[in-house]
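Along the sequence shown, residues carry numbers from 1.
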Amino acid sequence: MKTVAIMPIKLNNERLPGKNIKKFSDGTPLLHVMLNTLLSLQIDGTIDETYVFCSNPNIQEYLPKGIKWLSRPEFLDTQQAKCNDIIREFLKCVEADYYVLTAATSPFVSFKHIKDCIIHVHSGEYDSAFAAKKIQNFLWKNGKPENFSLDSAPRTQDMIPYYCELSTPYVFTRKVFEQFGGRTGENPYICECSEIECVDIDYPEDFALADIIYTQYLKEKHGGKELWEK
């Protein structure tokens, strides 16, 4: 049974131009952080191959050894392209039983939690999996309380949890995508992640925060070890 990881990349980002290859203070390009985690999963035998799916061949100079580049159609770089369009095109090119969708902009999701998602789908107990941030707090919608009453606010630990999906990883089978047209099936495994793992980079201030976490907390203080794991 073949398991393939995919990292879609475009170089014409609008909110933070060039963010996927933007370098942290120590010179490490952003995409290297997650790609190195995926390489560890290849060495471990959990993943068979990892592809960066990008229309620009210049991306090849940023790829660590062991990562494959696959050229994708340029229409996937437009604002109109959706994630499912990218997955659909990738599945046309690469045959596998299981797919692991990742993003360079969620660099800190741990080896442990990505593997956990993959194992739960491999087991057949779940048809898909994703990482998520658990939210147990007071939510408002359209100016009104969404999950509590003003006259009876519960303790946050007693509230029904909500789960916010992260962009890394989504694990699914080819059958699930063909049946549901998306990266999640009817019976997904949800892997709860830590606050550091939930960091996602869209804007310059997000990158500045990630730079501090990577260079001053993970790399310098802890030698790069994944001490944010549960």
Side-chain angles (χ1 to χ4, degrees), residues 2-83 85-96 99-111 114 166-170 197 199-220 223-226:
K2 186 175 181 180
T3 301
V4 169
I6 167 181
M7 179 183 287
I9 292 285
K10 68 176 182 177
L11 300 183
N12 61 334
N13 310 95
E14 287 132 18
R15 290 176 291 188
L16 180 56
K19 66 179 178 180
N20 292 302
I21 57 175
K22 188 175 175 65
K23 294 181 179 180
F24 287 134
S25 295
D26 70 342
T28 301
L30 173 60
L31 81 171
H32 272 204
V33 182
M34 179 50 60
L35 287 177
N36 284 333
T37 300
L38 297 175
L39 280 174
S40 295
L41 286 160
Q42 283 187 200
I43 294 169
D44 169 79
T46 304
I47 290 173
D48 295 298
E49 298 173 341
T50 299
Y51 291 84
V52 165
F53 199 31
C54 180
S55 64
N56 192 330
N58 293 334
I59 195 66
Q60 293 176 87
E61 65 184 89
Y62 294 95
L63 303 186
K65 185 178 180 180
I67 301 296
K68 298 181 178 182
W69 168 63
L70 181 63
S71 180
R72 76 185 199 184
E74 291 186 359
F75 78 84
L76 294 177
D77 296 340
T78 65
Q79 287 183 322
Q80 291 71 37
K82 295 182 171 59
C83 181
D85 299 325
I86 295 172
I87 297 172
R88 189 174 297 106
E89 290 300 317
F90 183 79
L91 265 61
K92 291 178 183 178
C93 301
V94 179
E95 186 71 34
Y99 296 89
V100 183
L101 178 66
T102 65
T105 51
S106 286
F108 304 133
V109 180
S110 67
F111 173 103
I114 296 174
L166 306 185
S167 56
T168 295
Y170 286 92
E197 290 176 284
V199 170
D200 189 74
I201 301 170
D202 281 320
Y203 299 98
E205 56 268 30
D206 301 328
F207 189 88
L209 174 61
D211 189 16
I212 293 170
I213 292 171
Y214 181 71
T215 59
Q216 298 184 28
Y217 182 74
L218 296 179
K219 192 168 182 184
E220 290 185 6
K225 294 180 181 178
E226 297 174 323

Can a donor-acceptor pair be found, under 3.5 Å and without considering hydrogens, that links the side chain of [X] to the backbone of [Y]?
{"X": "Thr78", "Y": "Glu74", "result": "no"}
{"X": "His32", "Y": "Lys23", "result": "no"}
{"X": "Thr168", "Y": "Ala103", "result": "yes"}
{"X": "Trp69", "Y": "Pro57", "result": "no"}

- Query: Between Leu31 and Leu63, is a side-chain contact (heavy atoms from CB on, under 4.5 Å) present by the stated rule, with each step listed?
  - Reply: CA-CA 8 Å; Leu31 81 171; Leu63 303 186; 4.1 Å; yes

Quick check for you: to the nearest 0.5 Å, what is the distance between [X] atom [atom1] and [Y] atom [atom2]?
{"X": "Ile87", "Y": "Lys92", "atom1": "CD1", "atom2": "NZ", "value": "13.0 Å"}
{"X": "Lys68", "Y": "Ile6", "atom1": "NZ", "atom2": "CD1", "value": "13.5 Å"}
{"X": "Ile47", "Y": "Thr102", "atom1": "CD1", "atom2": "OG1", "value": "8.0 Å"}
{"X": "Leu166", "Y": "Glu197", "atom1": "CG", "atom2": "CD", "value": "8.0 Å"}
{"X": "Thr3", "Y": "Leu41", "atom1": "OG1", "atom2": "CG", "value": "10.5 Å"}
{"X": "Asn20", "Y": "Leu30", "atom1": "CG", "atom2": "CG", "value": "6.0 Å"}

List the steps and the verdict of side-chain hydrogen bond (donor to acceptor under 3.5 Å, both in side chains) for Asp211 and Ser25. CA-CA 7 Å; Asp211 189 16; Ser25 295; 2.5 Å; yes

Hey, are the side chains of [X] and [Y] touching, using non-hydrogen atoms and a 4.5 Å cut-off?
{"X": "Val94", "Y": "Phe53", "answer": "no"}
{"X": "Pro8", "Y": "Leu101", "answer": "yes"}
{"X": "Pro107", "Y": "Ile213", "answer": "no"}
{"X": "Met34", "Y": "Thr50", "answer": "no"}

For Lys2, the side chain to side chain contact (heavy atoms under 4.5 Å, CB included) test, sequence neighbours excluded, returns Val4, Asp48, Glu49, Ala96, Asp97

Where [X] and [Y] come nearest, the two heavy atoms and their spacing:
{"X": "Asp206", "Y": "Ile201", "answer": "CB-CA, 3.7 Å"}
{"X": "Ile21", "Y": "Pro29", "answer": "O-CB, 3.9 Å"}
{"X": "Ser110", "Y": "Thr37", "answer": "C-CG2, 4.4 Å"}
{"X": "Lys19", "Y": "Asp202", "answer": "NZ-OD1, 3.4 Å"}

- prompt: Relative to each other, are the rings of Tyr214 and Phe108 parallel, tilted or perpendicular (30° and 60° limits)?
  reply: parallel

Taking the six-membered ring for Trp and the full ring for Phe, Tyr or His, determine whether the centres of Phe207 and Phe24 are under 6.0 Å apart.
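Between Phe207 and Phe24, the centre distance is under 6.0 Å.
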
| task | May I have the step-by-step check of salt bridge (charged side-chain N to carboxylate O under 4.0 Å, His left out) for Lys82 and Asp85, ending in yes or no? | result | CA-CA 5 Å; Lys82 295 182 171 59; Asp85 299 325; 5.9 Å; no

For Ser71, the side chain to side chain donor-acceptor pair (under 3.5 Å) test, sequence neighbours excluded, returns none

Next item on the list: Verify the neighbour count for atom CD of Gln60: are there more than 12 heavy atoms of other residues, nucleotides or ligands below 6.0 Å?
Entry: yes

